[in-house]
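Structure first, then comments.
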Amino acid sequence: MTTPILEARGITKRFGGVVAVNDASLTVGKGQIVGLIGPNGSGKSTMVNLVAGEMMPNEGTFLFNGADITALPSHRRARLGMARSFQLLRLFHSLSVEDNLLLANHMRMKASLAASIFARGTAREEEERARARARELLAWFDLQDFAERPVSALSIGQQRMVEIARGMMSEPSLFVLDEPAAGLSPPNVDKLIELVRRLRDEFGVSILLVEHVMRVVRDLCDHVVVLDSGVKIAEGAPDAVVKDPVVVEAYIGTGWKRRAQG
């Protein structure tokens, strides 16, 4: 049996007396797109931050390609091959699209800071490779015509693509996408679905997808995990999960029926 790329086992996170995530587990197989859904306040965002290493669990274990990464911070996980996007865009709006991608690459450069500043040998070669990689990705995301423009000049949909392209600069094996459809128009949601599927099919990236737009979840995910009040209440194939009475009950009053049909 192939080792999953990500395993979260018995994860619990407390904030004072509040249990945000309670003994939750999930698995992302290599080449899978796994959805993480739940009503507002269900613990999804906390779980994503725990997966990415931006906070540490009180209990439980994270395995990445079979290795224990529970105590590793986010930058160490990134070096191992984990990338993430954010629900609220975290781009440098005054910089160009290309420079946003290049900045993401600097954390992976092997050359010293001094060598980078003075454009010495190894640093210069790495910088050239990074720029070539950035231009390849911008072409793949159909953003090449915007490379020199400031990010602030782009639409929200285009900025979403820039953020995902920036995550791909590190050549991740696992990409955690945090509500990538937030704020997108229906046509851009269609483009997002196609793009995420291509990330998996063409780059071989495994994906953990946190999403409210149920059309995205249904169209993309091989497997779905549902949280409610920090507890995993269901998991399985998307079509089965959205019809589960326990899941429907959890979503009552949050627009679930409209989203499930949309």
Decide yes or no for [X] and [Y]: does some side-chain heavy atom of the first lie under 4.5 Å from some side-chain heavy atom of the second?
X	Y	result
F175	S85	yes
F146	V162	no
R215	D190	yes
L192	M161	yes
T12	V19	yes
P57	T70	yes
V217	M214	yes
M82	V51	yes

Closest heavy-atom pair and its distance - [X], [Y]:
X	Y	value
V151	Q159	O-NE2, 3.4 Å
D228	P39	OD1-CG, 3.5 Å
I233	A250	CD1-CB, 3.8 Å
A234	D244	CB-OD2, 3.9 Å
A83	G167	CB-O, 3.7 Å
G183	I156	O-CG2, 4.2 Å

Answer yes if [X] and [Y] sit in the same cluster of Ile, Leu, Val, Met, Phe, Trp and Tyr residues linked by side chain heavy atoms under 4.5 Å apart, and no otherwise.
X	Y	value
I5	M47	yes
L154	L138	yes
V176	V225	yes
M169	I207	yes
F141	F203	yes

(message) Less than 4.0 angstrom from a charged side-chain N to a carboxylate O is my criterion; do D178 and K44 meet it?
(response) no
(message) If the threshold is 4.0 Å, N to carboxylate O, is there a salt bridge linking R200 and D222?
(response) yes
(message) Against L209, only a single residue in V196, V28, V216, L36 fulfils side chain to side chain contact (heavy atoms under 4.5 Å, CB included); can you say which?
(response)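 Among V196, V28, V216, L36, the one meeting side chain to side chain contact (heavy atoms under 4.5 Å, CB included) with L209 is V216.
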To the nearest 0.5 Å, what is the distance between [atom1] on [X] and [atom2] on [Y]?
X	Y	atom1	atom2	result
L143	N100	CG	CG	11.5 Å
M168	L101	CE	CG	10.5 Å
S206	L199	OG	CG	11.5 Å
F64	R77	CZ	CZ	10.0 Å
K30	L6	NZ	CG	11.5 Å
L102	S96	CG	OG	7.5 Å

[X] side chain to [Y] backbone, donor-acceptor under 3.5 Å:
X	Y	result
S173	G81	yes
K232	L26	no
E211	V213	yes
R76	G53	no
N58	R14	yes

(request) Show your working on side chain to side chain contact (heavy atoms under 4.5 Å, CB included) between N40 and H212 and close with a plain yes or no. (result) CA-CA 9 Å; N40 291 334; H212 274 301; 3.4 Å; yes
(request) Might you work through the side chain to side chain contact (heavy atoms under 4.5 Å, CB included) test for D239 and R218, ending with a clear yes or no? (result) CA-CA 7 Å; D239 288 342; R218 287 202 319 268; 3.8 Å; yes
(request) Would you mind telling me which of R166, R149, R135 makes a salt bridge (charged side-chain N to carboxylate O under 4.0 Å, His left out) with E98? (result) R135
